[in-house]
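First the structure, in the form of structure tokens, and then the observations on it.
All heavy atoms count here, side chains included; hydrogens, waters and symmetry mates do not.
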Amino acid sequence: MEEAAVTMVFLGAFILIFGIRYLINREKRAMIEKGMHPGIQKATPRPFLSLRFGMFLCGLGIGLMVAMLLVRLMFGSTLTDAEGAQMVFTYFGCVLAFGGLGLIGAYLIEKKWMEEHP
């Protein structure tokens, strides 16, 4: 039974990779037929990508620290199963909330910069 599952996973992965390569080659052929060069794609500048990524990671880090402090204050060192589940939700909630706040902060900084530099 396990051998069949492993075989199906490898077969599925092979089909997925083969399908993606087939579609990429098909897209390149269509570009060549239309007279376009398939190797050169115009890169769009993303000046605030580093800011967004950095603030998101800082938000995740702050969320982890806040979650750790909350868990230590609420539960102490001894945990029951129910408290363990609450602890997990506390970590996920804080990480997601502070990561989102980091992205909102990056958006506000970007918006302010765009208003000052039209």
Side-chain angles (χ1 to χ4, degrees):
M1 185 72 170
E2 290 179 19
E3 296 89 17
V6 171
T7 304
M8 292 302 291
V9 168
F10 281 116
L11 185 63
F14 175 76
I15 291 172
L16 181 70
I17 292 170
F18 180 78
I20 289 171
R21 282 299 299 173
Y22 174 75
L23 291 175
I24 289 172
N25 287 338
R26 190 170 159 191
E27 179 185 22
K28 286 182 180 180
R29 273 188 263 132
M31 289 175 75
I32 290 170
E33 288 174 1
K34 291 184 179 182
M36 300 168 66
H37 192 280
I40 300 174
Q41 295 178 355
K42 209 177 226 184
T44 57
R46 296 181 179 178
F48 293 102
L49 185 63
S50 297
L51 174 70
R52 285 185 212 138
F53 190 65
M55 289 193 71
F56 177 68
L57 289 178
C58 286
L60 292 181
I62 292 170
L64 280 173
M65 287 191 304
V66 169
M68 184 186 70
L69 291 174
L70 283 174
V71 166
R72 300 260 179 177
L73 289 174
M74 290 189 322
F75 302 115
S77 61
T78 58
L79 290 174
T80 63
D81 288 340
E83 289 174 338
Q86 290 175 350
M87 183 179 71
V88 170
F89 287 121
T90 303
Y91 272 100
F92 278 118
C94 286
V95 166
L96 292 176
F98 281 91
L101 287 175
L103 289 175
I104 290 170
Y107 168 75
L108 293 175
I109 291 172
E110 181 179 348
K111 182 179 173 186
K112 183 179 177 183
W113 190 86
M114 293 296 244
E115 289 173 354
E116 291 176 358
H117 301 89

| said: Quick test of your reading: applying ring-ring contact (aromatic ring centres under 6.0 Å, His included), list the pairs with at least one residue in residues 4-34, sequence neighbours left out, ordered by first then second residue. | reply: none
| message | Between Val95 and Leu57, is there shared hydrophobic-cluster membership here, with clusters defined by ILVMFWY side-chain heavy atoms closer than 4.5 Å? | response | yes
| When hydrophobic residues are tied together by side-chain contacts of less than 4.5 Å, even through go-betweens, does Leu51 share a cluster with Trp113? |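 Yes, one cluster joins them.
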Partner residues of [X] under the side-chain contact (heavy atoms from CB on, under 4.5 Å) criterion, sequence neighbours left out:
X: Val66; result: Ile62, Leu70, Cys94, Phe98
X: Met68; result: Arg72, Tyr91
X: Ile20; result: Leu16, Ile24

| Hydrophobic cluster partners of Leu49 (side-chain heavy atoms under 4.5 Å) |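 Other cluster members: none.
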| Other than Leu96, which residues form its hydrophobic cluster under the rule that side-chain heavy atoms must be closer than 4.5 Å? |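 Besides Leu96, the hydrophobic cluster comprises nothing; the residue is isolated.
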| task | Can you run down the salt bridge (charged side-chain N to carboxylate O under 4.0 Å, His left out) pairs that involve residues 53-67, sequence neighbours left out, and say none if there aren't any? | result | none
| field | Residue pairs involving residues 93-104 (criterion side chain to side chain donor-acceptor pair (under 3.5 Å); sequence neighbours excluded) | value | none
| Which pairs, with at least one residue in residues 55-71 and sequence neighbours excluded, count as a side chain to side chain donor-acceptor pair (under 3.5 Å)? | none
| message | Determine whether Leu11 and Ile15 satisfy the following criterion, side chain to side chain contact (heavy atoms under 4.5 Å, CB included), listing intermediate values before the conclusion. | response | CA-CA 6 Å; Leu11 185 63; Ile15 291 172; 4.0 Å; yes
List the atom pairs, with distances to 0.1 Å, where a side-chain N or O of residues 100-112 and a protein N or O form a donor-acceptor pair under 3.5 Å, not counting sequence neighbours.
residue, atom, partner, partner atom, Å
Glu110, OE1, Arg52, NE, 3.3
Glu110, OE1, Arg52, NH2, 3.0
Glu110, OE2, Arg52, NH2, 3.2

| field | Separation between NZ of Lys28 and NE2 of His37, rounded to the nearest 0.5 Å | value | 10.0 Å
